[in-house]
Amino acid sequence: MGATGRTGKKVVEGLLRAGEKVRAIGRSEASLANLARAGAEVRVGDSSDAGFLTEAFRGASAAYTLLPYDPRAAGYRAQQARMGEAVTTAIRESGVGHVVALSSVGADRGVGTGPIDSMHDQEVRLRKLTGVNVLALRPGSFFENFFDVLPVIRHQGLNADVVEPGRPVPMVGTRDIADAAVAALRARDWKGFVVRELLGPRDLTYDEATRILGERIGQPELPYVRLPPDEMAGALVQGGFSEDMARLYVELAEALNEGRVRSVEGRTPANTTPTRFEDFADELARAYAAM
């Protein structure tokens with residue numbers, strides 16, 4: 001699932017490089033065209049349609065599933081619930097035996113974590129499946145989220161959010177998430193419902209990440225500004241978020257500030273991933289220079 005998204009595309013490409021047969025699911029044939037040329041079998045349809053997903057999963061040894069994040073969604077929780085029910089129905093009806101499900105750090109909570117609440121609900125659904133082995137990957141915040149702040153930096157000369165500037169946050173590159181998913185999809189060596197966190201090489205504060213990004217784009221004094229929740233929500237709506245999603249985004253930021261979204265396992269060699277933000281920042285710098 002999500003074969004053209006930030007993690008799904010890398011999962012498809014990684015499996016193809018490994019010589020695996022891959023079925024890539026997406027919403028449009030045009031967006032899947034490059035993956036088809038690379039050797040993937042493509043299926044185009046609505047991922048909230050259980051019938052479509054069931055046929056897409058049928059015959060597969062394993063499936064990579066997720067709930068796509070749409071900042072424009074007006075009724076986000078209801079939309080995610082429909083998608084989640086479709087996914088679990090498709091897993092049950094198709095007979096797929098192993099599932100790698102993208103979740104998030106904080107999915108253990110279940111309430112008050114903004115968009116992550118839906119991932120908690122999905123983990124609950126997946127736990128109820130019988131005869132299916134599910135690996136729930138719980139990564140930290142994506143490095144790639146910083147692509148969204150580049151226009152703000154370009155036009156306002158700062159990075160801004162609700163998260164406290166000195167609050168350490170687990171951050172991870174999607175290439176590391178994809179590598180973990182590819183390895184699991186190929187090995188299929190776990191039983192039952194298993195959770196694995198992916199925390200990046202170290203926790204980062206927004207102050208530190210902003211400084212690193214600023215250095216890469218030639219603005220070593222780039223400031224990070226913590227906005228009041230209402231002001232941040234209004235800015236998100238102006239930027240295209242639905243009011244519902246803006247509220248949930250701010251709720252997540254406040255949950256981070258209060259320490260309610262955090263690793264359950266604690267940092268270990270198994271959940272510490274290799275890609276450093278310092279290295280990923282070069283990708284951000286190239287995107288910034290191209291704006």
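Side chains included, hydrogens not; waters and symmetry mates left out as well; all remaining heavy atoms used.
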Before accepting this row, confirm whether a basic side-chain N of the pair [X]/[Y] lies closer than 4.0 Å to the acidic partner's carboxylate O.
X      : Y      : result
Glu243 : Arg247 : no
Lys21  : Glu41  : no
Lys10  : Glu13  : no
Arg216 : Asp282 : yes

Please evaluate residues Arg125 and Val87 with respect to the criterion side chain to side chain contact (heavy atoms under 4.5 Å, CB included), reporting the C-alpha separation (whole Å), side-chain torsions for both, the decisive distance (0.1 Å), and the verdict. CA-CA 9 Å; Arg125 294 185 192 97; Val87 170; over 6 Å; no
Arg154 NZ/CZ over Tyr288 ring centroid, <6.0 Å and within 45° of normal: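 Arg154 over Tyr288 ring: yes.
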Look only at the side chain of [X] and the backbone of [Y], and say whether a donor-acceptor pair between them is shorter than 3.5 Å.
X      : Y      : result
Thr89  : Ala86  : no
Thr275 : Asp176 : no
Glu197 : Val105 : no
Asn159 : Tyr224 : no
Arg196 : Asn271 : no
Arg167 : Thr205 : no
Arg23  : Arg58  : yes

One pair to check against side chain to side chain contact (heavy atoms under 4.5 Å, CB included): Ile116 and Val261. What are the steps and the verdict? CA-CA 9 Å; Ile116 297 177; Val261 173; 4.2 Å; yes
Salt bridge (charged side-chain N to carboxylate O under 4.0 Å, His left out) for Arg109 and Asp117? Distances and angles first, verdict last. CA-CA 7 Å; Arg109 301 289 300 188; Asp117 287 355; over 6 Å; no
Cluster overlap [X] with [Y], hydrophobic side-chain contacts below 4.5 Å:
X      : Y      : result
Leu284 : Phe142 : no
Ile91  : Val124 : no
Val12  : Ile177 : yes
Tyr249 : Val162 : yes
Met171 : Val163 : yes

If you look at every heavy atom in [X] and [Y], which pair is closest and at what distance?
X      : Y      : value
Ala287 : Phe147 : CB-CE2, 3.6 Å
Arg260 : Gly112 : NH1-O, 2.9 Å
Phe280 : Arg175 : CD1-NH2, 3.7 Å
Pro229 : Val250 : CB-CG1, 3.5 Å
Leu53  : Ala90  : CB-CB, 3.4 Å
Ala40  : Ala24  : CB-CB, 4.2 Å

List the residues meeting side-chain hydrogen bond (donor to acceptor under 3.5 Å, both in side chains) with [X], not counting sequence neighbours, and say none if there are none.
X      : value
Arg262 : none
Glu278 : Arg202
Ser61  : none
Thr4   : none

Quick one: ring pair (Phe, Tyr, Trp, His ring centres under 6.0 Å) partners of Tyr69, sequence neighbours excluded?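 Not a single residue meets the ring pair (Phe, Tyr, Trp, His ring centres under 6.0 Å) criterion with Tyr69.
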Do [X] and [Y] come close enough that some side-chain heavy atom pair is under 4.5 Å?
X      : Y      : result
Leu236 : Met245 : no
Thr113 : His120 : no
Arg186 : Glu20  : yes
Tyr64  : Val99  : no
Gln219 : Ile153 : yes
Phe57  : Met1   : yes

Between [atom1] on residue [X] and [atom2] on residue [Y], distance to nearest 0.5 Å:
X      : Y      : atom1 : atom2 : answer
Asn257 : Glu164 : CG    : CD    : 4.0 Å
Ile25  : Asp46  : CD1   : CG    : 11.5 Å
Ile212 : Leu222 : CD1   : CG    : 12.0 Å
Ser104 : Leu67  : OG    : CG    : 11.5 Å
Leu137 : Thr65  : CG    : OG1   : 9.5 Å
Asp49  : Met83  : CG    : CE    : 10.5 Å

Residues, nucleotides or ligands: over 12 heavy atoms within 6.0 Å of [X] [atom1]:
X      : atom1 : value
Asp230 : CG    : no
Arg211 : CZ    : yes
Glu265 : CD    : yes

Would you say the side chains of [X] and [Y] form a donor-acceptor pair under 3.5 Å?
X      : Y      : result
Glu93  : Thr54  : no
Arg82  : Gln79  : no
Thr272 : Arg267 : yes

Can the ring centres of Phe146 and Phe277 be said to be less than 6.0 Å apart?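 Here the rings of Phe277 and Phe146 have centres that are less than 6.0 Å from each other.
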Should Arg77 and Asp244 be marked as a salt bridge (charged side-chain N to carboxylate O under 4.0 Å, His left out) after you check the CA-CA gap, both sets of side-chain angles, and the distance that decides it? CA-CA 9 Å; Arg77 291 293 295 273; Asp244 182 37; over 6 Å; no
Residues Arg226, Tyr206; criterion side chain to side chain contact (heavy atoms under 4.5 Å, CB included); working and verdict: CA-CA 9 Å; Arg226 184 188 177 195; Tyr206 275 54; over 6 Å; no
Test: side chain to side chain donor-acceptor pair (under 3.5 Å). Region: residues 135-148. Which pairs qualify, not counting sequence neighbours?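 Sorted pair list: Arg6-Asn145, Glu123-Arg138, Ser141-Asn145, Glu144-Thr174.
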Mind running side chain to side chain contact (heavy atoms under 4.5 Å, CB included) on Phe241 and Asp70 for me, showing each step along the way? CA-CA 9 Å; Phe241 277 55; Asp70 182 1; over 6 Å; no
